[in-house]
Structures are given as structure tokens and as C-alpha cells.
Amino acid sequence: MIVTIDISMYPNKDEFIEPINGFIKIINTFPEIKVKTFPTSTVIQGEYAYTMKAAQVAISEAHTKYDKAVYVMKVIPDYEAL
């Protein structure tokens, strides 16, 4: 099953650009998903299990590197937005 996930990251700091760019860089390391970045969110799409795992790993790595942030995700199964 294909899934589309729309992810917005809200870092809990004044300097928020670096963590957001870092998250985008991390999510782009997963070769089997499509990634498109918009001004307010990043949309990823691919096979369900792999794409969900990619989101999980990217959030965990970004948390480790850039500290706290709030993530808002919309998960849309069986929908190809990209």
C-alpha cells in the first residue's frame, strides 16, 4: 500500500531554520520515498511500512541533533499526492 505523509516541524527555539533544514536533509537520505518540500511542510510518499519507518527515523535523528520540536503529521493511506 502507498502512503502519503505531510509533516510539519516546529522547533522549540528561536533559531528554527537549521533544525528544519536538518530534518529535510535527513528525510532525503531515504532512496525509496518521494520527497517534496513546501514552505510549511514536507510531503513524503512511498510504500507504507518503509515510509512510516523513514518518518520515525528522521524525527528521532532530528531530535537527537537539534533538540526538541513539535511534529504535526497527516497520514493518508492509498493516496498518491506526488
Side-chain angles (χ1 to χ4, degrees):
M1 169 175 52
I2 295 294
V3 67
T4 297
I5 305 173
D6 183 307
I7 306 171
S8 296
M9 178 189 191
Y10 300 95
N12 192 18
K13 53 174 55 177
D14 291 335
E15 300 297 322
F16 57 87
I17 298 296
E18 180 185 359
I20 292 170
N21 285 339
F23 174 80
I24 293 167
K25 185 176 180 180
I26 294 165
I27 202 67
N28 273 293
T29 64
F30 294 87
E32 295 182 28
I33 62 173
K34 294 179 184 177
V35 179
K36 177 113 174 146
T37 301
F38 297 96
T40 59
S41 67
T42 297
V43 175
I44 62 175
Q45 180 182 296
E47 187 276 320
Y48 183 86
Y50 183 83
T51 306
M52 292 295 282
K53 185 67 171 178
Q56 177 186 5
V57 169
I59 290 169
S60 180
E61 284 186 27
H63 177 73
T64 300
K65 290 181 181 180
Y66 304 108
D67 206 13
K68 297 177 183 174
V70 173
Y71 295 85
V72 176
M73 295 174 46
K74 291 181 258 180
V75 179
I76 312 164
D78 286 329
Y79 179 71
E80 295 187 40
L82 302 178

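In what follows, residues are counted from 1 in the order of the sequence shown.
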Would Met73 and Ile59 count as a side chain to side chain contact (heavy atoms under 4.5 Å, CB included) if you check the C-alpha gap in whole Å, the side-chain angles of each, and the deciding distance to 0.1 Å? CA-CA 11 Å; Met73 295 174 46; Ile59 290 169; 3.9 Å; yes
Under the criterion side chain to side chain contact (heavy atoms under 4.5 Å, CB included), I'd like the reasoning laid out for Glu47 against Glu32: C-alpha separation, chi angles, the key distance, then a yes or no. CA-CA 8 Å; Glu47 187 276 320; Glu32 295 182 28; over 6 Å; no
Path from [X] to [Y] over hydrophobic side-chain contacts below 4.5 Å:
| X | Y | value |
| --- | --- | --- |
| Val57 | Val75 | yes |
| Ile17 | Tyr66 | no |
| Ile76 | Ile33 | no |
| Ile7 | Leu82 | no |

Does any non-hydrogen side-chain atom of [Y] lie less than 4.5 Å from one of [X]?
| X | Y | result |
| --- | --- | --- |
| Ile5 | Thr51 | yes |
| Ser8 | Tyr10 | yes |
| Ile24 | Met9 | no |
| Ile27 | Ile44 | yes |
| Val35 | Val43 | no |

When you look at Gln45 and Ile2, which way does the side chain to side chain contact (heavy atoms under 4.5 Å, CB included) test go after all the steps? CA-CA 7 Å; Gln45 180 182 296; Ile2 295 294; 3.9 Å; yes
So how far is it from [X] [atom1] to [Y] [atom2], rounded to the nearest 0.5 Å?
| X | Y | atom1 | atom2 | answer |
| --- | --- | --- | --- | --- |
| Lys53 | Ser60 | NZ | OG | 9.0 Å |
| Asp6 | Lys74 | CG | NZ | 4.5 Å |
| Thr40 | Ile20 | OG1 | CD1 | 10.5 Å |

Parallel, tilted or perpendicular, as decided by the 30° and 60° cut-offs, for the rings of Tyr71 and Phe23: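 Aromatic pair Phe23/Tyr71 classed tilted.
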Quickly, which of Lys68, Lys13, Lys65 forms a side-chain contact (heavy atoms from CB on, under 4.5 Å) with Pro19? Name it, please.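 Of Lys68, Lys13, Lys65, side-chain contact (heavy atoms from CB on, under 4.5 Å) with Pro19 is met by Lys13 alone.
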Is it true that atom CG of Asn12 has more than 12 heavy atoms of other residues, nucleotides or ligands lying nearer than 6.0 Å?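 No, the 6.0 Å shell around CG holds no more than 12 heavy atoms from other groups.
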Over 12 non-hydrogen atoms of neighbours within 6.0 angstrom of OH in Tyr48: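 12 or below, so no.
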Write down the atom of Phe16, the atom of Pro11, and the distance for their closest heavy-atom approach.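 For Phe16 and Pro11, the tightest heavy-atom pair comes out as O-CG, 3.8 Å.
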